[in-house]
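Below: the structure, in C-alpha cells.
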Amino acid sequence: GATAAYDVVIIGAGTAGLSAARKLWTSGVRSILVLEARGRIGGRIHTEVLPSRRCEGSLWLDSMSIDLGANYMHGCDGEQAVFDLAVKHNILSAIVAGDKQFEDTETAAWYDVKKGIQISSEEVARVHLLFWKTEAYMLKLIRKMKPEQVKRTDVASLFNVCLRSLTNRFYKKIYKTTLTTQQEHLMRKLVRRSYGYVSNLQETGLHLLKISPDTQIKSIDKDDHYGGPEHVAEEAKKLTKRLEASKSPKVGPTQRDGNGGDRLVLQGYEWLVNSLAEGLPIVFHRDVQSIMIADNGAKVLVTCHDQSTYTASHVICTVPVPLLAEIRFSPALSTGKAEAIRNVRLGAHNKIILRFRPDRVFWPETVPQLNCDHDRYQFLNLHAYNKPGVLLAHVWPPFAFGYDKKTDQAVVLEALSVLAGMFAQQPHHLLNNLVDYMVTRWDTDRYSRGSYAYLPPSGRFEDVGVLRRPHPPGKNPKVWFAGEATSEVGFQCVHGAHESGAAAAEAIILTRQTK
C-alpha cells in the first residue's frame with residue numbers, strides 16, 4: 001500500500017509518547033501520527049474498573065476504578081509537570097502515609113503471620129535502626145571503592161557484608177544475641193522496599209546509594225547508642241505517633257501543601273493519558289518492526305509487523321527498553337546506545353487487587369498500610385481511601401517475576417492465607433467474602449516486558465542519558481527517544497516519562513525552526 005507521510009511519527013501511546021504528541025500539537029505541528037501496539041492508550045498506566053454488582057443479602061457494590069499500573073505521583077516538592085496537571089485538574093489523591101515516600105515501612109502496622117497479632121513498635125524500631133545503621137556503613141564503604149569495584153558489586157552482597165559486620169561488632173555485643181527469624185524477615189522487607197522494589201537485590205547496582213562527595217556520612221556504624229535499647233525506645237514512640245497520625249487519610253483534590261510527599265492517585269491515573277490524548281491522531285495495533293533512515297537522511301521509514309509503513313521527517317520512539325532492542329534500526333544504533341540498552345533493564349513490580357464485601361472488613365479499617373513478617377506481601381488498605389472493601393498487595397521481586405509459576409488463583413489463595421494469618425481469620429471465610437480480584441503480570445506483558453527501569457551493577461546513571469540521545473549522532477538526527485528509562489530527573493516515574501516526551505518534542509520543534 002501507499003506510504004503515508006507525516007512531519008513526526010510517535011511510536012507508543014504511553015505517557016511519554018502522548019506527552020510528546022501533545023507538545024507538538026499545541027505548538028502547531030499537526031502533521032503527526034501516534035502508533036500504538038496495544039488496543040488502548042496509556043502503556044504502563046492502566047486503569048481498570050471493578051464492576052458494580054449485587055451481593056448476597058441485597059448488598060449493592062458500586063463500580064470503582066483501580067490502577068493496575070502506575071499509582072503514585074513522586075517528586076511533588078518541586079517543578080513536576082504531572083503534579084502540576086493534577087493540581088490544575090483537581091485530581092483526587094491523598095498524601096501517602098508518613099508524608100514521605102510510597103509504601104513507607106515506618107508508617108505501617110506490622111503483623112505476625114503465625115500468631116495473628118501486631119508486632120510491637122519496639123521490634124519494628126529495632127530493625128529499622130539496624131537497617132539505617134547498615135546503610136550508613138554501606139555508604140562509607142562505597143566512598144572508598146574504585147569505580148571498577150562499584151561495577152562489580154550488587155546491593156545484596158554489600159548489604160549482607162555490612163549487616164554481618166554490624167551484627168558481630170554491635171548487635172551481639174549490646175543484645176547478647178543475633179537476629180531472630182522474624183527480625184530477619186523484617187530486615188529483608190526493608191532492604192527490598194529501599195532497593196529491590198523492582199529488581200532482584202543481587203542484580204541491582206549501587207546507583208540508588210549515590211552519594212555526592214560533600215555528603216557528611218555520620219559514623220553511626222561506630223556509635224553504640226545508635227540502635228541500642230534507649231534509642232530503640234525513643235524511636236518506637238516516634239513510630240507509634242506516626243502510625244496514629246497516618247490513620248483515616250485525607251482524600252481530596254490534589255493541592256500543593258509544601259511537604260512534597262508522594263501522592264496516591266485515587267481517581268484512576270487514566271485522567272493523565274486521556275487528557276494528553278484528546279483529539280490526537282492515534283492508530284492502534286501497530287507494532288513497529290523497523291526504523292530506517294532513507295533518502296540521505298531526508299526521511300524516516302517506519303515499518304510495522306503487519307507491513308504497514310509510514311514516512312516522517314522525524315520520529316520519536318518511546319517503547320520500553322526491552323522492545324527497543326527488538327526494533328531493527330538502519331543505520332544501526334551506535335555501540336554506546338546498544339550498550340546502554342543492555343545496561344538499563346526493566347524490572348518487575350506487580351499488584352494483587354482484592355475486593356471483599358465492605359460489610360465484612362476483617363482488618364483495621366482506618367490504617368492505610370498493613371505489613372507483615374511474610375516475605376512476599378505488603379498491603380495498601382484502599383478501604384481507608386474510600387474504595388470500600390479493597391486491599392492492594394504490592395509485590396516486589398523475586399516473587400514479582402512470574403509469581404513462582406503460580407496461576408492467578410494460586411497467587412490469590414496464598415495472599416488470602418497470609419491475610420488470614422495476620423488477622424487470625426479462617427482462610428475460607430476470606431475466600432467466601434472475596435468479591436473480585438485482579439493479578440497483574442507486567443513482567444510478561446507483551447508490550448512492556450516489565451514494570452519500570454533499574455540499573456544492574458554494570459549500569460551507570462550516565463547510561464540513562466545515552467539512551468535518550470537522538471539517532472544518528474551528528475548534525476542531522478532523525479529519531480528521538482523518550483520514556484521513564486531515559487529520564488534522569490524522573491527515572492522509574494510517570495513524570496520522567498512525561499518530561500522526556502515533552503523534551504523530545506521541543507528538540508524537534510527547534511530543529512524545524514533552524515532549518
Side-chain angles (χ1 to χ4, degrees), residues 45-53 59-74 76 82-83 86-87 89-111 193 197 242-257 259-272 349-372 377-395 415 419 422-423 433-438 440 494:
I45 282 180
H46 187 195
T47 306
E48 269 287 3
V49 176
L50 293 176
S52 56
R53 54 170 80 230
L59 173 73
W60 177 256
L61 298 186
D62 287 328
S63 65
M64 67 172 86
S65 66
I66 289 286
D67 276 308
L68 302 184
N71 218 159
Y72 291 102
M73 288 185 279
H74 305 281
C76 302
V82 173
F83 182 58
V87 171
H89 292 293
N90 290 317
I91 298 304
L92 274 192
S93 69
I95 299 173
V96 294
D99 300 343
K100 293 196 294 192
Q101 288 177 322
F102 80 109
E103 301 297 308
D104 181 354
T105 52
E106 298 163 68
T107 318
W110 287 78
Y111 290 84
R193 167 56 197 90
Y197 47 83
R242 286 184 70 134
L243 187 58
E244 227 15 75
S246 77
K247 289 180 179 173
S248 307
K250 192 168 123 280
V251 174
T254 304
Q255 288 170 340
R256 288 200 169 280
D257 60 351
N259 77 356
D262 287 350
R263 301 298 201 279
L264 175 63
V265 176
L266 289 160
Q267 71 179 64
Y269 229 136
E270 65 183 359
W271 69 267
L272 174 65
H349 167 179
N350 275 309
K351 295 178 174 182
I352 303 158
I353 290 108
L354 305 168
R355 172 156 74 156
F356 297 92
R357 286 185 61 128
D359 58 345
R360 306 220 176 126
V361 167
F362 54 87
W363 61 89
E365 299 200 22
T366 60
V367 178
Q369 297 195 148
L370 307 165
N371 215 322
C372 64
Y377 306 94
Q378 43 269 308
F379 298 92
L380 181 64
N381 174 14
L382 289 177
H383 182 83
Y385 295 95
N386 308 342
K387 291 191 187 285
V390 179
L391 289 177
L392 188 161
H394 277 281
V395 180
L419 284 166
M422 286 166 70
F423 300 110
N433 293 321
L434 186 69
V435 183
D436 290 294
Y437 68 83
M438 289 179 183
T440 72
V494 173

query = In Å and rounded to the nearest 0.5 Å, what is the CD to CZ distance from Gln378 to Arg193?
reply = 9.0 Å
ask   = side-chain contact (heavy atoms from CB on, under 4.5 Å) between Thr107 and Lys100: does it pass, once the steps are laid out?
value = CA-CA 10 Å; Thr107 318; Lys100 293 196 294 192; over 6 Å; no
query = Hey, which of Phe379, Phe423, Phe362, Tyr437 is the one that makes ring pair (Phe, Tyr, Trp, His ring centres under 6.0 Å) with Phe356?
reply = Phe362
query = Less than 4.5 Å apart, any side-chain heavy atom of Met64 and any of Arg355?
reply = yes
query = Asp262 and side chain to side chain contact (heavy atoms under 4.5 Å, CB included): which partner among Met73, His74, Glu103?
reply = His74
remark   = Scanning both residues in full, the closest heavy-atom pair of Ser93 with Leu266 reads C-CD1, 4.0 Å
ask   = What distance do Leu391 atom CG and Ile352 atom CD1 have between them, rounded to the nearest 0.5 Å?
value = 11.0 Å
message = Using modelled atom types and a 3.5 Å cut-off, is there a donor and acceptor pairing between side-chain atoms of Arg360 and backbone atoms of Pro358?
response = no
note = What one should report as the nearest heavy-atom pair of Tyr197 and His349 is O-CB, 3.4 Å
ask   = To the nearest 0.5 Å, what is the distance between CG (Leu392) and CG (Leu370)?
value = 11.5 Å
inquiry  = Can a donor-acceptor pair be found, under 3.5 Å and without considering hydrogens, that links the side chain of Gln369 to the backbone of Asp104?
reply    = yes
inquiry  = What's the separation between atom CD1 in Ile66 and atom CG in Asn71, rounded to the nearest 0.5 Å?
reply    = 8.5 Å
task = Taking the side chain as every heavy atom from C-beta outward, state whether Leu68 and Thr47 have any atom pair closer than 4.5 Å.
result = no
key: Donor-acceptor contact below 3.5 Å, side chain Thr440 vs main chain Lys351   = yes
request  = Would you mind reporting whether Tyr385 and Leu92 have side-chain heavy atoms less than 4.5 Å apart?
outcome  = no
Side-chain heavy-atom pair Gln267, His89 within 4.5 angstrom cut-off = no
ask   = Heavy atoms, side chains only, cut-off 4.5 Å: are Leu382 and Leu264 in contact?
value = yes
request  = Could you grab the distance from atom CD1 of Ile91 to atom CZ of Arg263, nearest 0.5 Å is fine?
outcome  = 13.5 Å
ask   = When rounded to the nearest 0.5 angstrom, what is the spacing between NZ in Lys250 and CD in Gln255?
value = 6.0 Å
message = For a 4.5 angstrom cut-off between non-hydrogen side-chain atoms, does Glu48 reach Ile353?
response = no
key: Heavy-atom pair with the smallest gap, counting every atom of Ala70 and Ile45   = CB-CG1, 3.9 Å
Side-chain donor-acceptor contact under 3.5 Å, His383 with Glu365 = yes
query = Is there a side-chain contact between Asp67 and His46, using heavy atoms and a 4.5 Å cut-off?
reply = no
request  = Measure across Asn381 and Pro364 and return the closest heavy-atom pair with its distance rounded to 0.1 Å.
outcome  = ND2-O, 3.2 Å
task = Taking atom types as modelled, find out whether Tyr72 and Gln101 have a side-chain donor-acceptor pair closer than 3.5 angstrom.
result = no
message = Can you give me the closest heavy-atom contact between Trp110 and Cys372, atom names plus distance?
response = CZ3-O, 3.4 Å
ask   = Looking only at heavy atoms, what is the nearest atom pair of Leu354 and Ala415, with distance?
value = CD1-CB, 4.5 Å
